[in-house]
Protein chains: 2
Amino acid sequence: MATGRSHTERTRGIPEATVARLPLYLRALTGLSERSVPTVSSEELAAAAGVNSAKLRKDLSYLGSYGTRGVGYDVEYLVYQISRELGLTQDWPVVIVGLGNLGAALANYGGFASRGFRVAALMDADPKLTGKMIAGQAVRHVDELESVVRENGVSIGVIATPAGAAQEVTDRLVDAGVTSILNFAPTVLTVPEGVDVRKVDLSIELQILAFHEQRKAGDGLPPDAEPPASGPGISGAMVRRRPSSAPKSDREPGVQPA
Amino acid sequence: MATGRSHTERTRGIPEATVARLPLYLRALTGLSERSVPTVSSEELAAAAGVNSAKLRKDLSYLGSYGTRGVGYDVEYLVYQISRELGLTQDWPVVIVGLGNLGAALANYGGFASRGFRVAALMDADPKLTGKMIAGQAVRHVDELESVVRENGVSIGVIATPAGAAQEVTDRLVDAGVTSILNFAPTVLTVPEGVDVRKVDLSIELQILAFHEQRKAGDGLPPDAEPPASGPGISGAMVRRRPSSAPKSDREPGVQPA
DNA sequence: AGGCCTTTGTGAACGTGTGCACAAAGGCGA
DNA sequence: TCGCCTTTGTGCACACGTTCACAAAGGCCT
Ligand SMILES: NC(=O)c1ccc[n+]([C@@H]2O[C@H](COP(=O)([O-])OP(=O)(O)OC[C@H]3O[C@@H](n4cnc5c(N)ncnc54)[C@H](O)[C@@H]3O)[C@@H](O)[C@H]2O)c1
Ligand SMILES: NC(=O)c1ccc[n+]([C@@H]2O[C@H](COP(=O)([O-])OP(=O)(O)OC[C@H]3O[C@@H](n4cnc5c(N)ncnc54)[C@H](O)[C@@H]3O)[C@@H](O)[C@H]2O)c1
């Protein structure tokens, strides 16, 4: 779901898990930089980023040998090196497609521009939205999508349309030349090789939390678990039953009728 | 970042990676169910969920032996089993704290309620927002946080406040009894053992995309890479230089002056 | 009733990620 | 100048996740 590349092809040596943490380090470093802290040890920086220090050191070691033993890392220098590795020393024009509740919130989000991501255009299919000013920018009609992408050299698209429209929007973005997509719609996108898709899915996150929550609050699954197949079922109104014959194993050991 | 549990302690056998995919399968299955498809093969379901079929089968095998060889999986039955495993057969009251752009969008989001997550309360610190109706619900003041959590038995909190307020809100949520937090603020939260935090961070996702984008568009890092330390630098105005003496290795092999 | 053909469930091999623990580096104070 | 003490960078072992490939299961058609 992350890269879309053939998996054996490692990204010039930097592990994906490391790449995903670099922005975290960068944020922590930026904080230190603002407080004019000149150097940090791996221990301190790791604490600020919420990881353990061995992992941090290993991650940084993929970028190069940028620390000084006995001292730590130079904050400014490391900010620069990580920024460069992440491609943040250049400007990335972005289009947001779909300006409903979420799209509008995204457009208004300050942290967007703060890291080299520039909102090049806001696009929606609803003619009533066309021309509306959001975050100091007029919403344009999706018909202009291709020209906007080409003229601005947009390579990153953000999708905040309903799920039903997401694949179509994706196809158009890709045709126009976009090669990275951040998808907020709860749907699986199909893209050609070489196009990266990342998804943000609120509902999935909540479901994962619910799973762990269930574990924490009184272990054991909820009541209606597969009843032990002992003789004919007492109640025919069991919420849902196995479609046909009894299964071989049902996880809970439970006495099987041999 | 996901669980907060000691790592050796596996969650009653279901791997975390599998848990994270179950909601995906559930969504695909729900779609099939709505179209009254009675059974699916692992191949079909995997395609719908965007994973490969071996992975899907292994994932489902952790739940139990719910398929029929030669036929596939009964859609309704599997929907039920996954829902139960994820804890979606019960209702999860949720509070949203911070009703700015993002919080309001979340409150208005339909996909929230659709899976057993009920928005029990909307809370903000801004007195001007108190009483304002959002998504059919009056915003309440954060002062009421503790009582709202206790009265509604809320165990999941969603944080959509500015980063600066997130830790304080977290502490209060946790004190009041919340044990799962979904954090949208770009900051690292510290929580006691037993509390799960998941974060959604737009900015990190974009940075990861930028990284891969940079790789795709003309490989090799941006121009200003550490210049090969050959003699005295030509331009003193190099954007940023190593703080002190030259490093041992700088990743790019590059000729080192012995 | 029997055999065929599809599809599951899983053992085993492999790849990726994590964390420990320590040798070597190197600044800094004496 | 020398040695000490902190902190990096990394080899190694282990845990976790992914994928392959196939035996066994079991419906279904003849
Ligand atoms: N609101 C949230 O908090 C939230 C959270 C998670 C996921 N999502 C998902 O994000 C997406 C947007 O959510 P929302 O609440 O903003 O929905 P919304 O209905 O408020 O907005 C959707 C917007 O997309 C536009 N649109 C529809 N088809 C389009 C097309 N083909 N091209 C361009 N624009 C098009 C609509 O005109 C509308 O303005 C949905 O898929 C939703 O499931 C939303
Ligand atoms: N808008 C986005 O698309 C977006 C995207 C990613 C991340 N974020 C993050 O989500 C958070 C919210 O973003 P936003 O755009 O909605 O900001 P916002 O400023 O519009 O809203 C923040 C809200 O939080 C309230 N608040 C402040 N302190 C509070 C406290 N102690 N208790 C309760 N409420 C408090 C404020 O009154 C305000 O209503 C921020 O941390 C932001 O970085 C936003």
Side-chain angles (χ1 to χ4, degrees), chain A residues 1-3 5-11 13-22 25 38-47 49-74 77-78 81 242-251, chain B residues 1-3 5-11 13-22 25 38-47 49-74 77-78 81 242-251:
Chain A
M1 185 106 303
T3 31
R5 308 175 173 222
S6 65
H7 277 255
T8 38
E9 172 193 342
R10 257 312 200 51
T11 315
I14 302 193
E16 193 58 32
T18 295
V19 172
R21 282 187 295 266
L22 290 180
Y25 304 152
T39 60
V40 255
S41 67
S42 61
E43 206 68 58
E44 295 162 332
L45 183 52
V51 303
N52 89 32
S53 68
K55 185 146 58 182
L56 178 115
R57 286 197 300 276
K58 183 151 287 191
D59 283 343
L60 293 184
S61 79
Y62 290 114
L63 309 191
S65 198
Y66 294 150
T68 304
R69 288 157 194 249
V71 176
Y73 300 89
D74 181 272
Y77 187 65
L78 200 50
Q81 289 299 342
R242 197 109 222 287
S244 55
S245 54
K248 187 187 67 184
S249 133
D250 240 0
R251 185 114 300 231
Chain B
M1 184 106 302
T3 29
R5 305 175 177 227
S6 66
H7 278 255
T8 37
E9 173 193 343
R10 255 311 198 51
T11 315
I14 301 192
E16 193 57 33
T18 295
V19 172
R21 282 187 295 266
L22 291 178
Y25 305 151
T39 61
V40 256
S41 68
S42 61
E43 205 69 57
E44 294 163 332
L45 183 53
V51 303
N52 89 32
S53 67
K55 185 146 59 183
L56 176 111
R57 286 198 300 278
K58 182 146 287 192
D59 283 343
L60 293 185
S61 80
Y62 290 112
L63 308 192
S65 199
Y66 295 149
T68 305
R69 289 157 193 250
V71 176
Y73 300 89
D74 181 89
Y77 186 66
L78 200 50
Q81 289 299 341
R242 198 110 221 287
S244 54
S245 54
K248 187 187 67 183
S249 132
D250 241 0
R251 184 116 297 234

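Note that these values count all heavy atoms, side chains included, but never hydrogens, waters or copies made by symmetry. Order of the sequence lines fixes the chain letters, A, B, ..., with proteins taken first and strands second; residue numbering starts at 1 for each chain.
Between the side chain of A:K58 and the base of C:dG19 there is at least one donor-acceptor pair of N/O atoms closer than 3.5 Å.
The side chain of B:S61 approaches C:dG9 more closely than any other nucleotide in the set C:dG11, D:dG9, C:dG9. Among the nucleotides C:dG19, C:dT18, C:dG17, the one closest to any side-chain atom of A:R21 is C:dT18. Relative to the side chain of B:S41, the nucleotides C:dG17, C:dT8, D:dC12 differ in distance, and C:dT8 lies closest. The listed nucleotides are C:dG27, C:dT18, D:dG9; the one nearest the side chain of A:V71 is C:dG27. Picking from D:dA25, C:dG17, C:dA24 the nucleotide with the shortest atom distance to the side chain of B:R69 gives D:dA25.
Phosphate proximity of D:dG11 to A:R57: absent, as no side-chain N or O sits under 4.0 Å from OP1 or OP2. Applying the 4.0 Å criterion to OP1 and OP2 of C:dT7, one finds that B:Y66 has every side-chain N and O outside that range. Between C:dG19 and A:K55, a contact under 4.0 Å exists linking OP1 or OP2 to a side-chain N or O. For the pair A:Y73 and D:dG9, the criterion of a side-chain N or O lying under 4.0 Å from OP1 or OP2 is met. Between C:dG9 and B:S65, a contact under 4.0 Å exists linking OP1 or OP2 to a side-chain N or O. Listed pair B:T68 / D:dG26 fails the phosphate criterion, with no side-chain N or O lying under 4.0 Å from OP1 or OP2.
The side-chain heavy atoms of A:T39 and A:T68, taken from C-beta on, include no pair separated by under 4.5 Å. Residues B:T18 and B:R21 meet the side-chain proximity criterion, which asks for heavy atoms closer than 4.5 Å. In this structure, the side chains of B:Y73 and B:E44 stay at 4.5 Å or more apart for every pair of heavy atoms.
Heavy-atom distances to DNA chain D give each of A:G72 and B:N52 a nearest nucleotide, and the one nearer the 5′ end belongs to A:G72.
For A:V51 against A:K55, the heavy-atom pair with the smallest separation is CB-CE, 4.3 Å. The shortest heavy-atom contact between A:S53 and A:S42 is CB-O, 3.9 Å.
When the C1' atom of C:dG17 is taken as reference, atom CG of A:D59 falls 10 Å away, rounded to whole Å. One atom, CG of B:L60, and another, C1' of D:dT19, lie 16 Å apart when rounded to the nearest Å. To the nearest angstrom, P of C:dT8 lies 15 Å from CG of B:L63. The separation between B:L45 atom CG and C:dT7 atom P is 14 Å, rounded to whole Å. The interatomic distance linking A:L56 (CG) with D:dG9 (P) rounds to 10 Å, in whole Å. In this structure, B:I14 atom CD1 and D:dC16 atom C1' are separated by 16 Å, rounded to whole Å. One interatomic measurement links the two molecules: CD of A:E16 to P of C:dT18, which rounds to 12 Å at whole-angstrom precision.
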#### Entry: side chain to side chain contact (heavy atoms under 4.5 Å, CB included) assessment of A:Y25 paired with A:L56
CA-CA 8 Å; A:Y25 304 152; A:L56 178 115; 3.5 Å; yes
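Within the 4.0 angstrom heavy-atom criterion, base atoms lie near A:A54.
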